[in-house]
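Labels below follow one simple rule: chain letters A, B, ... track the order of the sequence lines, proteins then strands, and each chain is numbered from 1.
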Amino acid sequence: MTLNFADKPRFAITTPLYYVNGLPHIGSAYTTIAADVVARFYRLMGHSVLMITGTDEHGQKIQRTAEERGVSPQAHCDEFVAGFEHLWELLNISCDRFIRTTADRHQVIVNEFFQRVWERGDIYQGQQQGWYCVSCEEFKEERDLLTDQRCPIHTKQQVEWRDESNYFFKLSKYQDQLEQLYADRPDFIQPESRRNEVLSFVKQGLQDFSISRINLDWGFPVPTDPGHTLYVWFDALLGYITALQDPSDPPSLAAATAEWWPINVHLIGKDILRFHAVYWPAMLMSAGLPVPGRVFGHGFLTKDGQKMGKSQGNTLDPLALVHRYGPDAVRYYFMREIEFGKDGDFNETRFINVLNADLANDLGNLLNRTLKMAARYCEDRVPVIDPEAIPLDHPLAALGRSLGETVAEAYTHLAFSQGCTAILALVQASNKFLDDQAPWSLYKQGKQAETEAVLYAVLESVRQAAYLLSPVVPSLSNQIYTQLGFAVDFNQKDIGQQLSYGDHAAWGYLPPGQPLGVASPVFQRLELPELVASP
RNA sequence: GGCUCAGUAGCUCAGUGGUAGAGCAGGGGACUCAUAAGCCCUUGGUCGCGUGUUCAAAUCACGCCUGAGCCA
């Protein structure tokens, strides 16, 4: 299939490569949904898009977990990777590449990258002493430890004293270049608060960091010294590069970076900001590669206002959530209700209220009531009116005219909540417009032309809303477009070639006279969970 | 200890010098095309606390309190 992507630049976006120590948690689902929404929006605009996700599978923690479970590390990873792939399928994630860091081709890229950095003189052997938390895969300062040498993050786990020969990456050499990068490109780290954190961290002076471990089998050997194993983060970050290459092509760093590098957006949780905003660009500078476009560290999720965690016993299982409510509901809630970049809360009552109000009552019911009138009053067709004749000050047309741009601005800035709010404003205005105009009453008075003009404007507003919401709720948008008489699947990756963004994102596109589909609720109201009866 | 961000209605948040806002939730009403949806009206806030600057402060300054986070 040959696609014409015209003059639109390529767009590549990544989620983190998730550590497969366990099944995916809701935070991974949140990041992945957000990345998918951005990818879908760029596809809609007609860009050639590569959305990357995958798994990070090396390191001591996985080796130990596998040992505890009595399986080989590879078998352990295979099992849990399947859980990730399954969840992404259920959540309707349209990723283009799923990279596993245990892939053979990845090792080729890692070796080649290491070689470049080695030849640059940025790797040296040294002695690393200190307290090591296996769960963090990081050395800890003694002053940060809790009593009994427990890690402040993994509070049940004692850190281990390590005194070992390691290879180090000369991060300190890139201090000035990094500071220059942050100064030249203020958007490189987002949001602003995360950028401040990185700036203050870097300002304190960068130290070289260890990129190898000894006494660890589960990882790639250091090419120049196979007795050492590459530090999991060094190899994991490079997964982004490996993913850029078609898996069936012979792997090489040059080929992998030829087409899609540099990646436009790395979407990450705020916990791994330092690796992506400091270590990663320095590694790339050393290897002579351009740095990515943006690193966006989003917030964490709480449940009913409480921090989630296994030890707290209040985790939110993404699999259970999507089974219960479906992908669109889950996607919409997280995109609409949480300001991307800030921490956000999940509360089931709130979840149901938001979905019922926005998708069932406002949007779904709007389509349903209007379609049924169109069926009755307009012979099941889009009213035949001249869209050009709609006055400029028509309340819905006026809103719709600026909506496309507003929403594009929001999506490209990862302000999903703002985008959804703007779209819903048109939907709410349409409900009000219907009540104001009362086409059921106009029809009874025999005012056919007026009736049709009202119904056209509302159907068109629903269409525009569905189109602009399609990155967030693709299945819902499919249903709406179908009922409006289109034959379209927003899950198609070449959707931007099938539909003209210029036409569909604008208000006034709906073809007059187009036969309509059968009206049927597109989003069923959700029931509030039963309150536990008091004894 | 140093630094960053946040604190506005029951909930989620907008509002950066000029009479406190939106959505959701709660209460009431009129309508009937519709998923008991939608529409209209409405309850609800000494804008974390204090001091200062100003004709005027949610907004600016300083101090404090609370929460989240960063300091390898």
State whether the distance check finds a donor on one side and an acceptor on the other, under 3.5 Å, for side chain N361(A) versus base G38(B). no
Mind checking if E192(A) touches a base, just sugar-phosphate, or nothing, with heavy atoms under 4.0 Å? nothing
Now, which nucleotide makes the Watson-Crick or G-U wobble pair with C33(B), with each of the two distances under 3.5 Å? none
Side-chain contact check for Q207(A): nearest option of C13(B), A34(B), A72(B) is A72(B)
Heavy-atom count around Q128(A) CD within 6.0 Å, excluding the residue itself: above 12? yes
From G69(B), G38(B), G23(B), nucleotide with atom closest to K270(A) side chain: G69(B)
Counting side-chain heavy atoms from CB outward, which of C13(B), A25(B), C71(B) is closest to R274(A)? C71(B)
Give the rounded distance in Å between these two atoms: CG of N196(A) and C1' of C71(B). 14 Å
Using atom C1' of each nucleotide, how far apart are G45(B) and G7(B) to the nearest Å? 14 Å
Looking at C5(B), U35(B), G69(B), which one has an atom nearest to any side-chain atom of Q524(A)? U35(B)
Whole-angstrom distance between G10(B) and C70(B), as gauged at atom P: 31 Å
Per N353(A) side chain, nearest of listed nucleotides C39(B), A68(B), A25(B): A25(B)
Watson-Crick or G-U wobble partner for G26(B), using a 3.5 Å limit on both distances? U42(B)
Base A34(B) to side chain N368(A), donor-acceptor N/O within 3.5 Å cut-off: no
Between atom CD in Q190(A) and atom P in U4(B), what is the gap in whole Å? 20 Å
Rounding to an integer number of angstrom, what distance separates G50(B) and U59(B) when you compare their P atoms? 12 Å
Tell me what F209(A) touches on the nucleic acid: a base, only sugar-phosphate, or nothing, going by heavy atoms under 4.0 Å. nothing
Assert: residue with more 5' nearest nucleotide on RNA chain B, out of K432(A) and S200(A), is S200(A)
When the distance from CZ of R336(A) to C1' of G23(B) is rounded to whole Å, what number comes out? 6 Å
Any side-chain donor paired with an acceptor under 3.5 Å for Q479(A) and S475(A)? no
Options U35(B), C39(B), C24(B), nucleotide nearest the side-chain atoms of F523(A): U35(B)
Is D362(A) touching bases, backbone alone, or none of the nucleic acid, heavy atoms closer than 4.0 Å? sugar-phosphate
Quick one: is A37(B) close enough that its OP1 or OP2 comes under 4.0 Å of any side-chain N or O from R525(A)? yes
I'd like the P distance from A58(B) over to G48(B), given in whole Å. 10 Å
C5(B), G38(B), C71(B): which one has an atom nearest the side-chain heavy atoms of N365(A)? G38(B)
Comparing D358(A) with R194(A), nearest RNA chain B nucleotide closer to 5' gives the residue D358(A)
Using the side-chain heavy atoms of L206(A), tell me which of these nucleotides is nearest: A72(B), U35(B), C13(B). A72(B)
Using the P atoms only, state how far U16(B) lies from A72(B), rounded to an integer number of Å. 36 Å
Q175(A) has an atom CD; how far is it from atom C1' of A72(B), in whole Å? 13 Å
Compare every heavy atom of V222(A) with every heavy atom of S212(A), then report the nearest pair and how far apart it is. CB-CG2, 3.8 Å
So which atom in L267(A) and which in P16(A) form the shortest heavy-atom distance, rounded to 0.1 Å? O-CD, 3.1 Å
We want to know whether Q127(A) and D163(A) form a side-chain donor-acceptor pair, criterion being a heavy-atom distance below 3.5 angstrom. yes
Using a cut-off of strictly less than 4.0 Å, decide whether K444(A) has a side-chain nitrogen or oxygen near OP1 or OP2 of C33(B). yes
For atom CZ of R369(A) and atom P of A36(B), their distance in whole Å: 12 Å
If you only use heavy atoms from C-beta on, which nucleotide in G23(B), A68(B), C33(B) is closest to the side chain of R376(A)? C33(B)
Run the ring-centre check on H276(A) versus Y240(A) and record whether the distance is less than 6.0 Å. yes
Quick one, V462(A) and V427(A) - any side-chain contact, counting heavy atoms below 4.5 Å? no
Check this one for me: any side-chain N or O of K342(A) less than 4.0 Å away from OP1 or OP2 of A14(B)? yes
If you measure from the C1' atom in U46(B) to the same atom in U42(B), how many Å do you get, rounded? 23 Å
If you only use heavy atoms from C-beta on, which nucleotide in C39(B), C70(B), U4(B) is closest to the side chain of E197(A)? C70(B)
Considering only atom C1', compute the distance from A56(B) to G17(B) and round it to an integer number of Å. 8 Å
Should the pair K307(A) and F300(A) be classed as cation-pi, given the thresholds of under 6.0 Å to the six-membered ring centre and 45° from the axis? no
Now, which nucleotide makes the Watson-Crick or G-U wobble pair with A61(B), with each of the two distances under 3.5 Å? U51(B)
Distance in angstrom units between W440(A) CH2 and A34(B) P, rounded: 10 Å
Please name the residue in the list F275(A), W233(A), F169(A) that meets the ring-ring contact (aromatic ring centres under 6.0 Å, His included) test with F209(A). F169(A)
C24(B) P sits how many Å from F351(A) CZ, rounded? 18 Å
Does U4(B) have OP1 or OP2 sitting under 4.0 Å from an N or O in the side chain of K203(A)? no
Taking the P atom of each, how far is G15(B) from U51(B), in whole Å? 28 Å
NA contact type, V522(A), heavy-atom cut-off 4.0 Å: base, sugar-phosphate, or nothing? base
Using a heavy-atom cut-off of 4.0 Å across all strands, would you classify G205(A) as base, sugar-phosphate, or nothing? base
Counter-base of C5(B), judged by Watson-Crick or G-U geometry with both distances under 3.5 Å: G67(B)
Expressed in angstrom and rounded to an integer, what is the separation of L363(A) atom CG from G23(B) atom P? 17 Å
Scanning all shown strands, the Watson-Crick or wobble mate of A20(B) with both distances under 3.5 Å is none
